[in-house]
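Throughout, protein chains are lettered first and strands after them, A, B, ... in sequence-line order, and every chain is numbered starting at 1. What's counted below: heavy atoms across the whole structure, side chains too, no hydrogens, waters or symmetry copies.
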Amino acid sequence: MADLDLDSSFIPALHKPPSLLPIAKHRESLLYVVETFPITIVIGQTGSGKSTQIPQFLERAGWCSDGKIIGPRRVAATTVALRVADEVGCEIGKEVGYSIRFEDVTSSSTRIKFLTDALLIREALADPLLSRYSVIMVDEAHERSISTDILLGLLKKIRKKRPELRIIVSSATLQAEEFLNFFAKGAGQESQEEGNGQPPRDIATIVSLEGRTYPIDTLYLESPAEDYVEKAVGTVFDIHTQEGEGDVLVFLTGREEIDNAIQAVAERAAGLDGRHGALQPLPLYAGLSTEQQMYVFDKPPEGTRKVVFSTNIAEASVTIDGIVHVIDCGFVKLRAYNPRTGIETLTTTPISKASASQRAGRAGRTKAGKCYRLYTEDAYQALPETNPPEIQRSNLASTILQLKALGIDNVVRFDFLSAPPSELMSKALELLYSLGALDEYAKLTQPLGSRMAELAVEPMMAKTLLSAPQFNCLSEMLTIAAMTSLGGNVWFHHDGERGKMESCRRKFAAEEGDHLTLLNVYQTFVTKGKKEAKFCHDHNLNYKSMTRAISIRAQLKRYLERFNISADETPSSNSQQPSAAADRSKKAESIRRCLTSGYFAHAARMQPDGTYRNVEGGTTLHAHPNSLMFNRKADWVVFHEIMETGEKTYIRDITKIEKNWLVEYAPEYYKLSNFTPRA
DNA sequence: GAGCACTGC
């Protein structure tokens, strides 16, 4: 392992960020701008206080005096709302409240409401002009989630009918101009039509707020690293032996790299000179249980340096105090969707300049810091400004369905901030048509299509749920829908406990496949396990995920009750009579049939070599090692998810079905001519 | 016999 010397191997960046100042002195100009321009783009660094201060400025300036509510949104709506309530001096849920998926903490007196963008879109289903709000602030818009993009398009549309509405968009520097142009484009002609001619440039303006962060020295490699994991580990030791106090945050791309790096640090630390303190390497990624994640927030013992090896979760979602050194490998795993094959990929990709600066910023939150980029300055210059927005690389079925439900019939002409490729649109439209959510004129069907749009699960599962009453398995399907939407985070294991986890999983195994296994897990958790953390702990189940499943199930059930569809929740009999086994198998068949009615587009057949092939026959599919069907025999199956990682394409959450069910439930989709997959 | 980055309704 080649040692590197910090002084020679890293060279300083040519440009340094200016020193930064707090928001208060911008109050007057900010209020003036909001008064004057319908749309304000706010450039605010982390630490500028924009999310907490701007709503308060506006409220005090009378923007809520007629009882309307300022509605910013934020990923961490709860945290920000609690802080603002504290600053205002009110009880949370009174003047200041928040609303997130499972929690509405607002009241009739709420004047400042924090909510997520996805939830605001949901409100638009019932109140298309969002008439309760006088000012809407779209926070962290540069993150460009699908729902942010959709919301911005909706707001632009709403503004035509509600010229008095004020829109604030907060963004990082790089993308501000794009937002400005988006709102300015087309605004001139409309106001002319409406006869109150406002030239585009009077529609929107940019305000720049400075944040309170500390200077960060950025260092680059002189020559590219061959193995960035090894380079990261080497840099950790160089920092530890050559730099003063301060914890280290290392950005890597995934669990495997993180585990390897931690092991390497542990091995090399043994040979560390005694006069340097100890090193405490810690992992951080979303798949960890809550308690495993909590370690990264603990203060390390005196004289010990904490080194957090993290995925992108630490870039924007999780903030760790006391970080002085950031090591950035320059890569991230990005999800993309191929509309031609219908396969999602998860690929290691170079980060954008925007990400690089966000990562570096994690070093300067408590005092001056340093960022070590494990790439050259030339490589940095070659990075894209931003990564393509999510809406241009995702399966858009649920997005299109939602737009239709919002009354946007011509989705192709919707004013997208960045229009998605047409193949993504047509693929989504085709699927929605085959599920019966859209008719042959691409209109939302009633009641199926609009009900599917309201359910908070992806369209294939929504269809499955809405078919469940016909198959007499709604109660079971509610559970399966909740469990599959946990996204593979049901099980967890500590180091070296993989075998134990596998044997726990086998205890719940159902012969028919993963969906029925998940059903067993949930049912045992709520009955025998009494919904307790101890049960999860004893069975290597992720408690946070299991409680989440309970909430999701309850919410889905409420949605269905709103459609006057109610589930029979009488527990299945545990009788020892011979008929019990037959009943169970009959129920299992109903569930498998029901799954087929929604997941017929995700069908595959096992080949003699044990791999799977879907109906088009193109790609070799492998049962995911976490699936019960891994190394088990089957003929036809349906699966929840398909994803390509590295060399292989995996299918996850797999259940055995009968071939003729596909023709029975999706006759149009399965024309007999193309039914048999190629060998 | 080998593995999923992250949000969110």
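- If you measure from atom CE of A:M501 to atom P of B:dG1, you get 18 Å, rounded to the nearest angstrom.
- Below the 3.5 angstrom threshold, one finds a donor paired with an acceptor across the side chain of A:E641 and the base of B:dC4.
- Nucleotide B:dT7 holds its C1' atom 12 Å from the CZ atom of A:R101, rounded to whole Å.
- Among the heavy atoms of the strands lying under 4.0 Å from A:H624 are primed sugar atoms or P, OP1, OP2 only; no base atom is included.
- The A:Y559 side chain lies nearest to B:dC9 when the options are B:dT7, B:dC9, B:dA2.
- At the phosphate of B:dT7, neither OP1 nor OP2 sits under 4.0 Å from any side-chain N or O atom of A:S147.
- Here B:dC4 is the nucleotide among B:dA2, B:dC9, B:dC4 with the atom lying nearest to any side-chain atom of A:R652.
- In this structure, A:L119 atom CG and B:dG8 atom P are separated by 11 Å, rounded to whole Å.
- With the nearest nucleotide of DNA chain B identified for both A:Y285 and A:Q555, A:Y285 has the one nearer the 5' end.
- Taking the six-membered ring where the residue is Trp, the centroids of A:Y228 and A:F331 are separated by under 6.0 Å.
- Contact annotation for A:T645: backbone-only contact, meaning every heavy-atom pair under 4.0 Å involves sugar-phosphate atoms and none involves a base.
- Checked against side chain to side chain contact (heavy atoms under 4.5 Å, CB included), A:A379 has the following partners two or more places apart in sequence or in another chain: A:Y375, A:T376.
- To the nearest angstrom, P of B:dA5 lies 13 Å from OH of A:Y650.
- Rounded to whole angstrom, the span from the CZ atom of A:R548 across to the P atom of B:dT7 amounts to 10 Å.
- Nearer to the 5' terminus of DNA chain B, by closest-nucleotide assignment, is the contact made by A:L284 (compared with the other of A:L284 and A:V457).
- The distance from atom CD1 of A:I150 to atom P of B:dG8 is 18 Å, rounded to the nearest whole Å.
- Put simply, CD1 on A:I651 is 14 Å from P on B:dC4, counting in whole angstrom units.
- Scored by the side chain to side chain contact (heavy atoms under 4.5 Å, CB included) test, A:S566 finds A:E561 as partners (sequence neighbours excluded).
- For A:N626 and B:dG3, a side-chain-to-base donor-acceptor distance below 3.5 Å is present, hydrogens and geometry of angles not being considered.
- The CD-C1' distance, from A:E143 to B:dG8, rounds to 12 Å in whole Å.
- Within the 4.0 angstrom heavy-atom criterion, base atoms lie near A:L346.
- Of the N and O atoms on the side chains of A:R652 and A:S627, not one donor lies less than 3.5 Å from an acceptor on the other residue.
- When each of B:dG1, B:dC9, B:dC6 is scored by its nearest atom to the side-chain atoms of A:T311, the top-ranked nucleotide is B:dC6.
- A salt bridge does not link A:E454 to A:R451: none of the charged side-chain nitrogens sits closer than 4.0 Å to a carboxylate oxygen.
- A:R255 comes within 4.0 angstrom of sugar-phosphate atoms only, judged by non-hydrogen atoms across all strands, and of no base.
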